[in-house]
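These notes concern the structure reproduced below.
These figures come from a predicted structure and were not determined experimentally.
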Amino acid sequence: PTPKALDLEVPSTERVESTIYRILRDTDKALYVKNLHNYECQVCSHTIKLPDGKRYAEAHHIQPLGAPHNGPDVIENILCVCPNHHVELDYFVLPITVSELSCYKGHEIDPKYVDYHNQFVYKSILST
């Protein structure tokens, strides 16, 4: 008989139980912003069209919700963005210029959150 190939065995995956604490976001606020912008990125106007005809975009909190930033979960602190720009904003490699964003009536972005992003988040990464 042919010996069994050792590289075909699937190693077992260890499982551990964990408990986490996370910020509870109001998903209705994010959905409102995404619907208002027709799921188009406010930075580049790109949208992802899914096979079922729906569109996909992500909601980004300009002043991050988590510590140490402790931004609020309010519409004025949320942008509708494509996944690429979401990552760039999350990793603080993209400044925000309100005049360059596509904006719709009913979604006013509060400049204090943009200022926070640009002064404390984006610039902090440049100084490292």
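By the criterion of side-chain heavy atoms lying less than 4.5 angstrom apart, applied directly or through intervening Ile, Leu, Val, Met, Phe, Trp or Tyr residues, Leu31 is not grouped with Tyr56; the two fall into different hydrophobic clusters. In the hydrophobic clustering of this structure, Leu101 does not group with Val33; members are Ile, Leu, Val, Met, Phe, Trp, Tyr whose side-chain heavy atoms approach within less than 4.5 Å, directly or through other members. Residues Ile109 and Leu36 are members of separate hydrophobic clusters, defined by side-chain heavy-atom contacts under 4.5 angstrom among Ile, Leu, Val, Met, Phe, Trp and Tyr. Side-chain heavy atoms closer than 4.5 Å link hydrophobic residues (I, L, V, M, F, W, Y) into clusters, and following such links, even through other members, never connects Val74 to Tyr32. Each of Tyr113 and Ile78 belongs to its own hydrophobic cluster when Ile, Leu, Val, Met, Phe, Trp and Tyr are linked at side-chain heavy-atom distances under 4.5 angstrom.
Considering CZ of Arg55 and NE2 of His46, their distance stands at 10.0 Å, rounded to 0.5 Å. Remark: Ser45 OG to His37 NE2 distance equals 10.5 Å, nearest 0.5 Å. Here the SG-CD distance, from Cys80 to Glu58, works out to 9.5 Å after rounding to the nearest 0.5 Å. For the atom pair Leu79 CG and His86 NE2, the distance stands at 9.0 Å (nearest 0.5 Å). One distance of note links CD1 of Ile62 with CG of Asp110; it measures 8.5 Å at 0.5 Å rounding. Rounded to the nearest 0.5 Å, atoms CD1 (Ile48) and SG (Cys41) are 10.0 Å apart.
A donor-acceptor pair is defined here as one N or O able to donate and one able to accept, closer than 3.5 Å; such a pair exists between the side chain of Asn118 and the backbone of Ile96. Counting only distance, with no hydrogens or angles, the side chain of His107 and the backbone of Ile75 share a donor-acceptor pair below 3.5 Å. Looking only at distances, no side-chain donor or acceptor of Asn38 sits under 3.5 Å from a matching main-chain atom of Glu40.
Annotation for Ala59 and Lys34: closest pair N-CD, 4.2 Å, computed over non-hydrogen atoms. Of all heavy-atom pairs spanning Lys29 and Asp73, the tightest one is NZ-O, 2.8 Å.
Other residues, nucleotides and ligands contribute at most 12 non-hydrogen atoms within 6.0 Å of the CZ atom of Arg25.
Residues His117 and Leu89 form a side-chain contact, since some pair of their non-hydrogen atoms from C-beta on lies under 4.5 Å apart. In this structure, the side chains of His61 and His69 stay at 4.5 Å or more apart for every pair of heavy atoms.
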